[in-house]
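Encoded as structure tokens, the structure appears first; notes follow it.
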Number of protein chains: 2
Amino acid sequence: MAAPQPARLTSPSREPEAGGRDRYFSKLVQERPDIALCRATTLVTRTLDEELAGRRLTMAQHLVLKMLSDVGPCSQQELSEQLRIDRSVMVGCIDGLEDSGLVRRERHPRDRRAYAVTLTPEAAPVLEEAEGGVPHLLDRAFGALTAAERRTLTRLMGKILDVG
Amino acid sequence: MAAPQPARLTSPSREPEAGGRDRYFSKLVQERPDIALCRATTLVTRTLDEELAGRRLTMAQHLVLKMLSDVGPCSQQELSEQLRIDRSVMVGCIDGLEDSGLVRRERHPRDRRAYAVTLTPEAAPVLEEAEGGVPHLLDRAFGALTAAERRTLTRLMGKILDVG
DNA sequence: TATTGTTATACTCTATAACTATA
DNA sequence: TATAGTTATAGAGTATAACAATA
């Protein structure tokens, strides 16, 4: 049986849409890497949001715990700079972690303007759980890419971000 | 003279930060392609916004004109689907183009629910100007990548988007 | 004078629901 | 009943400015 086709505004065309009005997106992303990048990120972000929905930490909170675990106590300013999260957003992020008992805002010993955001003992298992979920999250978001392609993607993004 | 260093919360460390509290972002994007992708897109989007600031068309309006020019009159629904722009956003996009006299909302001959969004003669030079700016725009956004790397990026984004 | 944390505001994107007119 | 266009609203993310405490 014929699949229900949406009405077409131009020639019904004998061939199966050989100009590609119904595949125009494909053409677009092949000639505009900027559009392709933005649309792909929208898709990846949606997958991430779904994946994080049932978990205890937001992505930002996860990254904060990870950085504190990796480098030790930090000021909110340092966390903001390195994680590329605005300091006005970082406030609420740390609020949530403090309410959950995962970090404490201690005073910086030599600069009383800044906090020394510090992990509590309760943070370790929560961070471990979040880290354990990362591979599955990446598999959902980048399932279409091989391991080598993911490494290539990482390298290209690194160049755009001017790191490494 | 010594550059003014921000106060550090942990060991002043003899080596130049060999754990990398000041380069943590670099470490992060190398192990998290999802974060790298999102941060790179933020950067690219900022460049695009700056580039488009002084121009007559928004990115969405540019893409609409381009698609109409490539495939002929379309319904707003078709434009929304192929350009991945929500139909509620497409309304204002077409409004702007109509106010500028670049498109007309004609009635679809066989479906009076839909419009046949149609280019006016005034559209051609405006589209041509916008298209002419694309290479420069891409050079600014992806200046860190070689031509081959841009093609690779396009291919990877295509796989994520499941096109091509 | 500059910086840290904080609050407030604004603007864009995205998502959703509802409504109308048509089919 | 389903779809096309429209409007309104709500939520994230980002950007900005201002303020108090401190340097």
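Protein chains get the first letters and strands the later ones, always in sequence-line order, with residue 1 at the start of each.
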Whole Å only: how far is the [atom1] atom of [X] from the [atom2] atom of [N]?
| X | N | atom1 | atom2 | answer |
| --- | --- | --- | --- | --- |
| B/L52 | C/dC13 | CG | P | 11 Å |
| B/L79 | D/dA4 | CG | C1' | 12 Å |
| B/Y115 | C/dT20 | OH | C1' | 11 Å |
| B/I85 | D/dG5 | CD1 | P | 14 Å |
| A/M90 | C/dT3 | CE | C1' | 17 Å |
| B/E50 | D/dT14 | CD | C1' | 14 Å |
| A/Q76 | C/dT7 | CD | C1' | 13 Å |
| B/E78 | D/dG5 | CD | C1' | 14 Å |

- Is the distance from OP1 or OP2 of D/dA4 to the nearest side-chain N or O of B/Q77 less than 4.0 Å?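 Yes, within the criterion.
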- Task: Have a look at B/R105 and say if it touches a base, only the backbone sugar-phosphate, or nothing, with a 4.0 Å heavy-atom cut-off.
- Result: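 Contact class for B/R105: sugar-phosphate only.
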Taking side-chain contact (heavy atoms from CB on, under 4.5 Å) as the test, write out the residues that go with [X], two or more places apart.
| X | answer |
| --- | --- |
| A/D49 | A/T45 |
| A/R87 | A/Q77, A/S80 |
| A/S88 | A/D86 |
| A/R113 | A/D111 |

Output a table of donor-acceptor pairs, distance under 3.5 Å, between side-chain atoms of residues 152-164 of chain A and any protein atom two or more places apart or on a different chain; print 'none' if there are none.
residue, atom, partner, partner atom, Å
A/T152, OG1, A/A148, O, 3.1
A/T154, OG1, A/R150, O, 3.0
A/R155, NH1, B/E149, OE2, 3.2
A/K159, NZ, B/E149, OE1, 3.1
A/K159, NZ, B/E149, OE2, 3.0

- Task: Any salt bridge (charged side-chain N to carboxylate O under 4.0 Å, His left out) involving residues 67-77 of chain A? Give me the pairs, sequence neighbours left out, ordered by first then second residue.
- Result: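 Qualifying pairs, neighbours excluded: A/K66-A/D70, A/D70-B/K27.
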- Message: I need the residues from residues 30-42 of chain A with at least one non-hydrogen atom less than 4.0 Å from DNA chain C; give them sorted by number, or say none.
- Response: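 Residues of residues 30-42 of chain A that come under 4.0 Å of DNA chain C are, in numerical order, A/T42.
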For residues 123-137 of chain A, which side-chain N or O atoms pair as donor and acceptor with protein atoms under 3.5 Å away, sequence neighbours left out?
residue, atom, partner, partner atom, Å
A/E129, OE1, A/R56, NH2, 3.4
A/E131, OE2, A/H62, NE2, 2.6
A/H136, ND1, A/E51, OE2, 2.6

- Starting at the 5' end of nucleotides 16-23 of chain D, put B wherever the base has a protein heavy atom under 4.0 Å, S where only the sugar-phosphate does, and a dash everywhere else. B-B---BS
- Neighbour count >12 (heavy atoms, 6.0 Å) for atom CZ, A/R84: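 Enclosed: over 12 neighbouring heavy atoms sit under 6.0 Å from CZ of A/R84.
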- Task: List the steps, then state whether side-chain contact (heavy atoms from CB on, under 4.5 Å) holds for A/T47 with B/D34.
- Result: CA-CA 10 Å; A/T47 302; B/D34 54 335; over 6 Å; no
- Using heavy atoms to find the nearest nucleotide of DNA chain C for A/R46 and A/I94 separately, return the residue whose nucleotide is more 5′.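 Per heavy-atom nearest nucleotide, the more 5' residue is A/I94.
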